[in-house]
Amino acid sequence: AMYLGENRSFRIHRRSTTVKLERPFWDQLEGIARARQLTLGDLIEKIDETCRTEEGAGTGNRNLASFIRVFCLTCPEAMPANPDFRKAYY
């Protein structure tokens, strides 16, 4: 089901990191990475760097998965949500 979390592991700055996101967010990230001609790992690393910068600015607790979700919702390259999933709201 699309709402179940899916774990993926990445190496960010030489350390292993696991991120758990719902399938629609992984789909968004893969599309954004393609649009920017990056690997998914490179995109996650760039998002992590931004998240660390925000944390350093005193914006609170670092939560990479939450930061990624907000990134997906606000990114200009984000693709429209799956229309079949939207039917659940009507």
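A quick note: this is a predicted structure, and the numbers were derived from the prediction, not measured. Just the heavy atoms: all of them, side chains too, but no hydrogens, waters or symmetry mates, feed the values below.
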Taking atom [atom1] of [X] and atom [atom2] of [Y], what is their separation to the nearest 0.5 Å?
X     : Y     : atom1 : atom2 : answer
Ile12 : Cys51 : CD1   : SG    : 9.5 Å
Thr50 : Phe71 : OG1   : CZ    : 8.0 Å
Ile44 : Arg11 : CD1   : CZ    : 15.5 Å
Trp26 : Ile68 : CH2   : CD1   : 6.0 Å
Leu43 : Glu30 : CG    : CD    : 10.5 Å

Nearest heavy atoms of Gly41 and Phe10, plus distance in Å: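 Reported closest heavy-atom pair: CA-CD2, 3.7 Å.
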Minimum-distance pair of heavy atoms, taken over all atoms of Lys20 and Ala65: O-CB, 3.9 Å
Passing candidate, side-chain contact (heavy atoms from CB on, under 4.5 Å) with Arg8, options Leu40, Val19, Leu21: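 Passing option: Leu40.
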Presence of salt bridge, Arg23 and Asp27, under 4.0 angstrom: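 Yes.
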Cluster check Leu29, Leu38: I/L/V/M/F/W/Y, side chain < 4.5 angstrom: yes
Common cluster, Ile32/Leu73, ILVMFWY with side-chain heavy-atom separation under 4.5 Å: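 Yes, same cluster.
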Which residues share a salt bridge (Lys or Arg N to Asp or Glu O under 4.0 Å) with Glu22, sequence neighbours left out: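 With sequence neighbours excluded, Glu22 shows a salt bridge (Lys or Arg N to Asp or Glu O under 4.0 Å) to Arg69, given in chain and number order.
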